[in-house]
Amino acid sequence: MPELPEVETVRRGIEPHVLGRTIEQVTVRERRLRWPVPADFARRLEGRRVRSVERRAKYLLLDLGEDRLILHLGMSGRLLVLEPGHPLRKHDHLDVRLSGGVLLRLNDPRRFGAALLWPRGQASHPLLENLGPEPFSDEFSGEYLFELSRGRSAAVKNFLMDGRVVVGAGNIYAAEALFRAGIRPGRAAGRLTRADCARLAAAVREVLVEAVAQGGTTLRDFAGADGAPGYFRQKLFVYGRAGEPCLRCGTAIKRLVIGQRSSFYCPGCQQ
DNA sequence: CCCGATTCCTGTAGGC
DNA sequence: TGCCTACAGGAATCGG
């Protein structure tokens, strides 16, 4: 389930292999991703040089000059760096062959991912224009969370996972950040105190930094560009641990459904 | 604007 | 062994 740390891990994994290289051939085997891959996708990529590899929220952005390539891994997407001619596997939807014998391959069983183009002439892209701040930016702070959450009745976990509030936190890291901040996931966002928000903003940054350092979290599907799993799973305090003792206080971790998603928390550590 | 429910999709796990 | 169902979830979209 690629959240910010997983996408950043993929970005770091592909950057040294694709930066500065020229796209020689593009193969689209399946256009039906989250949105259809544009009909002229291959034509607009071929011959372009990769000028930068960046990440915004959970999107990968490759600057190709005339266009920026937007890639999203959905929840089962993998972006692998391979050698040309690597055997095809099921759900290998997209191949980008670059100079120097590099093959960038998108595999995505659930097809929630996306491969789109953002023409240079357009100032913004609809998918990117309403995104909130990056969690590591100065804009994202306890005070920011406090002000934005006033009057909001939504559960703080949903608030945290709302990309208009802050980007990058999905189900796993929202749960872990709330644990570290000592806040129950079902609490109304508007009832958080200033101190709660300060701890929460710090916890979000902390958990994401640590997860990036571990190469992300692999539960089942996720792999970096080299196919290796992430190791943050070993550092999860609550996610997926319903019924198990809290690593901090020993109380049994509880699971409840918030916003149609499993949520996990420690009744002892979180109020 | 805000919020909750629904929707897309396939692999996997659990029940019988 | 095989069939069925529930579940996993990023995030757009829709209805209230």
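Chain identifiers are assigned alphabetically (A, B, ...) following the order of the sequence lines, protein sequences preceding nucleic acid strands; residue numbering begins at 1 within each chain. Everything quoted here is computed from the prediction, not taken from an experiment.
Between A:Lys58 atom NZ and C:dA11 atom C1' the separation is 8 Å, expressed in whole Å. Atom P of nucleotide C:dA12 and atom CG of A:Asn158 are separated by 15 Å, given to the nearest angstrom. Rounded to an integer number of Å, the gap from A:Arg164 CZ to C:dG10 P is 16 Å.
Distance from the side chain of A:Pro109 is smallest to B:dT10 among B:dT10, B:dA5, C:dA12. Of the candidate nucleotides B:dA5, B:dC2, B:dG4, B:dC2 has the atom nearest to the side chain of A:Arg152. The A:Phe112 side chain lies nearest to B:dC8 when the options are B:dC8, C:dA11, B:dA5. When distances run from any side-chain atom of A:Arg261 to the nucleotides B:dG11, C:dA11, C:dA8, the shortest one goes to C:dA11. Comparing B:dG11, C:dA12, B:dC8 against the side chain of A:Trp35 picks out C:dA12 as the nearest. Among the nucleotides C:dG10, B:dT10, C:dA8, the one closest to any side-chain atom of A:His91 is B:dT10. Of the candidate nucleotides B:dC3, B:dG4, C:dA8, B:dC3 has the atom lying nearest to any side-chain atom of A:Ser153.
Remark: of the listed residues A:Arg180, A:Arg205, A:Lys235, A:Arg180 is the sole one forming a salt bridge (charged side-chain N to carboxylate O under 4.0 Å, His left out) with A:Glu210.
For the residue pair A:Asn171/A:Lys157, the side-chain donor-acceptor check at 3.5 Å is satisfied.
Between A:Arg255 and C:dA8 there is a side-chain N or O to OP1 or OP2 distance below 4.0 Å. Within the structure, a side-chain polar atom (N or O) of A:His72 is placed less than 4.0 Å from OP1 or OP2 of C:dA11. OP1 and OP2 of B:dT10 both lie 4.0 Å or more from every side-chain N or O belonging to A:Lys90. One finds no side-chain N or O of A:Arg34 lying less than 4.0 angstrom from the OP1 or OP2 phosphate oxygen of C:dA12.
Backbone-only contact: A:Gly170 has heavy atoms under 4.0 Å from sugar-phosphate atoms and none from a base. A:Arg150 comes within contact range of no nucleotide atom at all, as no heavy-atom separation falls under 4.0 Å. Here A:Tyr59 lies in heavy-atom contact (under 4.0 Å) with sugar-phosphate atoms only. If you check every strand for non-hydrogen atoms under 4.0 Å, A:Ser76 touches nothing.
Using the six-membered ring where Trp is involved, A:His125 and A:Trp118 have ring planes that are perpendicular, over 60° apart on the 30 and 60° scheme.
The local environment of CZ in A:Arg89 is sparse, with at most 12 non-hydrogen atoms from other residues, nucleotides or ligands closer than 6.0 Å.
Of the charged side-chain nitrogens involved, at least one lies within less than 4.0 Å of a carboxylate oxygen, so that A:Glu134 and A:Arg56 count as a salt-bridged pair.
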